[in-house]
Structure formats: C-alpha cells, structure tokens
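These notes are about the structure you will find just below.
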Number of protein chains: 2
Amino acid sequence: MGISERKIREKSEREGRIIATARRIAEEEGWEAVTIRRLAQDIEYSQPVVYSHFASRDAIVGAVALEGFGDMADALRAAAPESLSPREALEAVVTAFLDFAFGRPAIYEAMFVLPSGLRFARSDTPPQLRNTFGALMAAIAPFCRDAELATETFWAALHGLVELERHGRIRPAFRASRLSLVVEAICHTPDGGT
Amino acid sequence: MGISERKIREKSEREGRIIATARRIAEEEGWEAVTIRRLAQDIEYSQPVVYSHFASRDAIVGAVALEGFGDMADALRAAAPESLSPREALEAVVTAFLDFAFGRPAIYEAMFVLPSGLRFARSDTPPQLRNTFGALMAAIAPFCRDAELATETFWAALHGLVELERHGRIRPAFRASRLSLVVEAICHTPDGGT
DNA sequence: AAGATATCCTAGCGATGCTAGATCTTCAAT
DNA sequence: ATTGAAGATCTAGCATCGCTAGGATATCTT
C-alpha cells in the first residue's frame, strides 16, 4: 500500500506548506493579510482544500502558534545552560523571552493575543505549551517556594511588558530598565503569595 | 443663533448615543457584534451618518476606550482614600484594577487590546489616560525611587495577569494569590532599575 | 422666491470567512 | 476491460463586513 502512504505524505506536506505560508505572510505583512484566498493561491490549490486541512482560519493561527511555542521553548532552554548561576540564568531567560516577542511579533501575536483555540493548564494541553511554561519555571523556581504560582505571575509581567510596549503604552527606551526591575522583584520577593 | 446651537447639541447627543450603543453592544455581545450597520440601525440613521461622526470603526472603539479610561481613573482614585496606609492603598488600587478589567471586559479590551488610535506618553495624550496612569503611580510611588519606571513595570504586570487569565493561560482560581505576589514584589523590591 | 449649503439616504464596491454542489480522478470488484 | 463507488478538487456563490460615491431632500441666506 505505498500509494495511500504517498497520499498521506503529500497531504501532510501540503499542510506544512499552509502553515509555513501563513507564518511567512504574517511575519511580512501582518495577520490581517493572511486570508484563505491568499493561502490557497500560494499553495496553488482552491480554497476548499485549505478547509480540508483546517476547520477555520483560527485553526491556522493556532497551528502557527503551536510551532511558535516549540520555538520559544527551545529559545528559552538554550538561553539558560547549566553553567550559569540562578541569577544569570533568570536574566538570560527573561531577556530571551522579550527578544523572541519583539523579534517575531507576528508569531508572538498568534501565541498570546489572537484567538487560536489553544488552552493551557488542561489535560489536553500540547507539550509545546508545557515546555515553554516549564522553561520559564525552571528559571524562576530557585527564587521561590510556590514555583507554579510565581511562574504564572512573572510570566504575566513579561507578557504585559510586551503588550504595553507593542501598543505604545510605555516608553520603548526603558525596556531594559523595566526588565531589570522585574528580575530584581523575582530575586527579592519573599514567597508570600499563598 | 439658537438654532445652530440646537443643531450642534443634537449632533453631540447623537455622537454620545453612538458611543453608548457601541459600548452596550460590546458589553453584551462582544466587539465583533459592533458593526457600523448595527450602530446605524440602533440610532435610527443610515451608515454614512455614523461616518460623519467617526472616521472609522477603530475611532468608535477609541471613543469607548477613552470613556473607559475616565471610568478607570475614577475607580482607581476612589479605591485609595487618603486614610489608607501606603500598603493598604496599593492593595486597594491593584485590586480595583483587576476588578475593572474582569468586571467590564469589553471596555478593558477597547482600552488595551483593540486598535483604538490612542497613544500614551505623548504630548497629545488625553487627560483620561494621564489620570489613569497617575492614579496607579500615586499608589506605587511610596515604594520606589523612579516612580514612572516602576509604574510602567507593575502596570505591565497587572495587564499581563488580566490578559493571560482572559486567554486561559493561567489558573483563574489563583488570581488573588498572584495579586498578593505582585503587591509583595512592589513592597520588597529595592528600586534598582536605573 | 431662488440659489446656495448642509444634511441624509440609497445603492454599491471590493473584500472577507466559509460552503454547497458539480466535476473529475482513482480504485475495487466483477 | 468495464463499471460503479469513493475520494479529491474546483467553480461559484452566500452572507457579511468596512467604507464611500452620488443623488435626493431639507434648511438657510439673500
């Protein structure tokens, strides 16, 4: 049955091309330029073929977001080799988080802002999401008792920094200073949140 | 010239009705239900009349957001009467922030997430935005040296908490614990961000 | 009363996400 | 080899969106 296997393989490749194309257009022109018609044209199939892979446009955003979480998990882990001290590792990880967010804003948007159908903290949460959260938690855990709670909280701080700066709410020039402040806060806060 | 004044008054009233209608629909059914056609129908005028008041849909979102900033500034100031200690005032203000965000999610969305054309930290920044930032800063200033930087940073933390919870990224049940952690962080962090 | 000026509406443009139904290809069973 | 079922793909279209051109109507000025 090599023929049906080839078909499955071709279908899988086509799905990958849809995701890659969506990602590229989003990065180059923003998500509002990612339309089903445009995707169909770029992969040289008709629109219903796109819908045979993804139930909706949001599902395509979700697929790009999932890839993004894989990339971010890798980036965060790579930023904190074991040779670093806890403080150095923490600084490296939060810096890597912001670098990812501002270096690939469209992917970040898919991951955290746009409707994508992805869910955290559930039994069906994909490993990419768990790994991203885990990489953050590994950096923060040395500084507190309830690591999960602290990770949620300081993850929120990082996300807030990204979003407010993206929307022109805070001064871009002071990004590094704010990041230092967050790191200070993590290092000096007694874990009293419970 | 009472006639032309009446016309100006009527036009202003109509503008207020557009904003109020947009706000109501957004709160009841979400922003995607706020369409120009729907607004026109509700105020009993045709669509071009709506465009004679607002240049675009985004401008309507911006008008609702501006009202929202006024409301939020009031809410934050009301939460922190002078009789409170700095620590109590801080807790009251951050709690009021989250209460506003989760109590009126559509208004919050207009203020912080949707494109609205509003700009912070500029010469033309409206007073409603300045007052909101000021109310936050008043609560945080007692705990740090560079109040503006600290306010930006902890404002980001609050916004991140709201956004991650809204998107199902963190556990709703632990909202209060995370908030306690943020307050702890503000109170115990030496102001080393500069 | 008549011309100028606002004011407002009808109708429509070019998009969007998404889908029904027809067409064409492929494969299994006779 | 033929035929009928099953699957893959496309054409064409629906409903809706933000937004606008151009004509009709009402109002004001002279």
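Note on naming: letters A, B, ... go to the chains in the order of the sequence lines (proteins, then strands), and numbering restarts at 1 for each one. All of these numbers come straight from a predicted model, not from anything done at the bench.
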Original post:
Nearest of dC14(D), dT11(D), dG18(D) to any side-chain atom of Arg37(A)?
Top reply: dC14(D)

Subject >> Val49(B), nearest nucleotide to its side chain (from dC9(C), dC10(D), dC18(C)) >> reply: dC9(C)

Original post:
His53(A) has an atom NE2; how far is it from atom C1' of dC10(D), in whole Å?
Top reply: 14 Å

**OP:** Looking at every strand, decide which applies to Ser52(B) at a 4.0 Å heavy-atom threshold: base, sugar-phosphate, or nothing.
**Re:** nothing

**OP:** Please work out if Val50(A) contacts a base, only the sugar-phosphate, or nothing of the nucleic acid, heavy-atom cut-off 4.0 Å.
**Re:** nothing

Original post:
At their closest point, which heavy atom of Val162(A) faces which heavy atom of Ala101(A), and how far apart are they?
Top reply: CG2-CB, 3.6 Å

Original post:
With respect to the side chain of Arg14(B), which nucleotide from dC8(C), dC10(D), dC18(C) is positioned closest?
Top reply: dC8(C)

Original post:
Are Arg171(A) and Phe174(A) in a cation-pi contact, defined as NZ or CZ under 6.0 Å from the six-membered ring centre and within 45° of the axis?
Top reply: yes

Original post:
In terms of side-chain heavy atoms of Pro48(A), which of dT20(D), dC18(C), dA20(C) is nearest?
Top reply: dA20(C)

Original post:
What integer distance in Å separates Arg38(A):CZ from dG17(C):P?
Top reply: 12 Å

Subject >> Distance in angstrom units between Gln41(B) CD and dG18(D) P, rounded >> reply: 13 Å

Subject >> OP1 or OP2 of dT16(C) under 4.0 Å from side-chain N/O of Thr35(A) >> reply: yes

**OP:** Specify the separation, in whole Å, of atom OH of Tyr51(A) and atom C1' of dA8(D).
**Re:** 18 Å

Original post:
Do the ring centers of Phe112(B) and His167(A) come within less than 6.0 Å of each other?
Top reply: no

Original post:
Rounded to whole angstrom units, what separation is found between the CD atom of Gln47(A) and the C1' atom of dC14(D)?
Top reply: 13 Å

Subject >> First of Ala55(B) and Lys11(A) reached from the 5' end of DNA chain D, by closest nucleotide >> reply: Lys11(A)

Original post:
Do you know the tightest heavy-atom contact between Leu76(B) and Phe97(B)?
Top reply: CD2-N, 3.7 Å

**OP:** Indicate yes or no for a side-chain donor-acceptor contact from Glu28(A) to the backbone of Ile25(A) under 3.5 Å, with no hydrogens or angles considered.
**Re:** no

Subject >> Whole angstrom value for the distance that separates P of dC24(C) from OH of Tyr45(A) >> reply: 18 Å

Subject >> Spacing of Ile36(B) atom CD1 relative to dG18(D) atom P, expressed in whole Å >> reply: 5 Å

Original post:
Nearest-Å distance, CD1 (Ile18(B)) to C1' (dC8(C))?
Top reply: 13 Å

